[in-house]
Amino acid sequence: MIKFKITNDLNLCLKNLNLKTNDKFVIETQANEEFGDYSSNLAMVLSKLNRMKPYELAEKICAELSKNKDYKKCEIAGPGFLNMTLNISVYQKLLKDIIEKNEMWGASEAGIGKRILLEFVSANPTGPLNIVSARAAAFGDSLCRVMKFVGYDAMREFYINDAGNQVDILAESLELRLREMHGENIGEFPFEAYHGEYVKDLAHRLNTLEGTRVLLLADRERTEHLKDFALEQIHEMQVKSLEKFDVFFDSWVSEKTLRQQGVVEEVLSYLAEADCTYEKEDAIWFCSSKFGDDKDRVLMKADGSITYFVPDLAYHLTKYQRSFDVMIDVLGPDHHGYVPRLKAAIHALKYPEEKLEIIFLQQVNLFDSGEKVKMSKRLGTIVTMDELVDYVGTDATRYFFLDRRPNSHLNFDIELAKKKSNENPVFYCQYAHARICSILKKAKKDKISLKELNPEMLKKLTKPEEITIIKKMLEFPSVLVSIADSREPHRLAAYAYELAGMFHRYYSKYVIVNKKSLVLSMGRLYLIMAVKNVLAVSFKLMGISAPEKM
RNA sequence: GCGCCUGUAGCUCAGUUGGAUAGAGCAUCGGCCUUCUAAGCCGAGGGUCAUGGGUUCGAGUCCCGUCAGGCGUGCCA
């Protein structure tokens, strides 16, 4: 919002000088004091348009801008950068806005009117959620929270692959475990079956509820019953894990339901109508290679069953039919080979490809005491999301998953996440919040009541650290907008960390509560209250708690 | 072989979408508690941004090549 003001001020200067603009110049915040508070590349960007040398143009703008009382200084540097320093009274006034907006500071209408569908986690319903799902949950949920906060109409969706081959294997695994429980010799447990302990737990539960009745059913009925039971149980288990992680989906879409609605046939006929299918070796193929995929893909196998691709494509078409402006898929690292055929089909069916955005999360490695934790699906030594969350806590887990760019591999240091010290960034951030709460309490105890905020209090805030903190908080709204637009929530973690650091440094240098100078104390208390609010908002958007005491 | 991702300090990672002298934390070394939470603060050292070219006023960022690592490349899901 401050950049907005500066942009306006600069445009006014251009207008007064009868100069042309193309709105391509940018305002940047400057960390280096030498270059002022904010700088702009305006002169370089507009020099050709106005047939002037950058430096000359910059000189004119500077002279004009200096007439504005809000600006203390305007200098030209390098090839023609405009370095602007604002009067501190501007910041003092803006602090009042931050405080008045309270927990709505940062909220905006940047995305107003845009409907967004965020699909993430969408784990197979064949076992407990793993740590990649946890990363997806932290990422998708926070992105959604930020998008909503800046005005988008965003919703979370989970696609359940509750049909297909893997579900048959699940039913078979459950049956074997049930038989085994009753002393039957099942031989060696099949390689491709689900080896996790949870299958045994499911068998126990089924046995407690229904005994061995299911084993007496006819083949087909028995499989269906086992499937339904396992799917329902595992779904519930996954929902619980997510809720514990403070992630709630607005919508669940079941592949099985889609199939029952006949969408599979529909998709096949659409593709056939578009003249994109052919028969070869008793199978039906989609000529995806005509649309950029490496090779053609099977839609219907020789045995008459359907591949994973068909219902998934159907699912994506339902997304289009629900008229979103943008649909975002958050996928795991093992899916990137799959996207070309999906995009190919969407293209072939003449749906707008650009509305579908795919974000890949790279794999997660767990490290404990410097050692990589070895995980194997086959050996059943997968660390589940619940285990991780129970061990290090929701706050640390969410923060650590959010802290890194989505498309880079993530090394999760369990030992560090558990540490309650400055080494751990989560605690560093939360500690700042708790500290502020503690100071506010102390002020109350000293009977410093925060009366109505008045200009005299704000005028006391003149230290460079104070102005730096205000500047940082002024950036918050635009940081959130850029997080939403770039789909990069990791920047929120960085922002909170930086703001917390600024506060810690400020705290150690200055006394905030001082009975001898009441007006100053009140000014500073307002400042840290604002910091507390901004921290609390960023924590909320990250899904971590804002402790009052630590 | 082909495709996607990655390569920045000893380690883990940022880098404001192409801006000025590339930044944090950890680790190492040295300081700061009779005063609002030391779960904190201050200081020091540490770099050929994998590499070679190109684009321009300007490149860690964009384009091409090379090298290295990860993943993918089923009539699995």
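This structure is a prediction, so every number in the text was calculated from the model and none was measured. Letters A, B, ... are given to chains in the order of the sequence lines, protein chains preceding strands, and every chain is numbered from 1.
Picking from B:rC36, B:rC76, B:rU6 the nucleotide with the shortest atom distance to the side chain of A:Arg405 gives B:rU6. Of the candidates B:rU12, B:rC36, B:rU17, the closest approach to any side-chain atom of A:Ile439 belongs to B:rC36. For A:Val513, taking side-chain heavy atoms from C-beta onward, the closest of the listed nucleotides B:rC76, B:rC36, B:rG19 is B:rC36. Nearest nucleotide to the A:Ala77 side chain, out of B:rC76, B:rU17, B:rA20: B:rA20. Candidate nucleotides B:rG70, B:rU12, B:rA14 were compared by shortest atom distance to the side chain of A:His336, and B:rG70 ranks first. Closest contact between the side chain of A:Ala283 and the listed nucleotides B:rC36, B:rC75, B:rA77 involves B:rC75.
Contact annotation: A:Ser508 does not reach the phosphate of B:rC41 (side-chain N/O to OP1 or OP2, under 4.0 Å). Residue A:Asn407 places none of its side-chain N or O atoms closer than 4.0 Å to OP1 or OP2 of B:rC4. For A:Lys441, no side-chain nitrogen or oxygen approaches OP1 or OP2 of B:rU37 to under 4.0 Å. Contact check, A:Arg505 against B:rC42: a side-chain N or O comes under 4.0 Å of OP1 or OP2. For B:rC36, neither phosphate oxygen OP1 nor OP2 lies less than 4.0 angstrom from any side-chain nitrogen or oxygen of A:Arg435. Remark: A:His433 is not in phosphate contact with B:rA39, judged by side-chain N or O atoms under 4.0 Å from OP1 or OP2. The phosphate of B:rC26 has neither OP1 nor OP2 within less than 4.0 Å of any side-chain N or O from A:Tyr428.
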Practice item. Output, in order, the C-alpha distance, side-chain angles, deciding distance and verdict of ring pair (Phe, Tyr, Trp, His ring centres under 6.0 Å) for A:Phe401 and A:Phe139. Key: CA-CA 7 Å; A:Phe401 278 138; A:Phe139 176 88; over 10 Å; no
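B:rU73 and B:rG1 make up a base pair, with Watson-Crick or G-U wobble contacts both under 3.5 Å. In a base pair of the Watson-Crick type (N1 to N3 plus N6-O4 or O6-N4) or a G-U wobble (N1-O2 and O6-N3), with each distance short of 3.5 Å, B:rA68 is matched with B:rU6.
Here B:rC75 presents its C1' atom at 16 Å from OH of A:Tyr308, a figure rounded to the nearest Å. Distance, A:Glu28 CD to B:rG19 P: 6 Å, rounded to whole Å. Residue A:Leu331 contributes atom CG, which lies 16 Å from atom P of B:rC4 at whole-angstrom precision. Atom OH of A:Tyr38 is separated from atom P of B:rA20 by 17 Å (rounded to the nearest Å). Taking atom CG of A:Asp403 as the reference point, atom C1' of B:rC13 lies 8 Å away to the nearest angstrom.
Between the A:Tyr198 side chain and the A:Thr126 main chain, a donor and an acceptor come within less than 3.5 Å of each other. Judged by distance alone, the side chain of A:Ser288 and the main-chain N or O of A:Asp293 form no donor-acceptor pair under 3.5 Å. Checked by atom type and distance alone, the side chain of A:Ser39 never pairs as donor or acceptor with a backbone atom of A:Asn83 at under 3.5 Å.
By the 5.5 angstrom centroid cut-off and the 30-degree plane limit, A:Tyr497 is classified as not stacked against the base of B:rA24.
On a pure distance criterion of 3.5 Å, a polar donor-acceptor pair joins the side chain of A:Asn83 and the base of B:rA20.
B:rU48 takes the anti form, because its glycosidic angle lies more than 90° either side of 0. Against the 90° criterion about 0, the sugar-base torsion of B:rC33 places it in the syn range.
Counting non-hydrogen atoms of neighbouring residues, nucleotides and ligands closer than 6.0 angstrom, the NZ atom of A:Lys418 exceeds 12 such neighbours.
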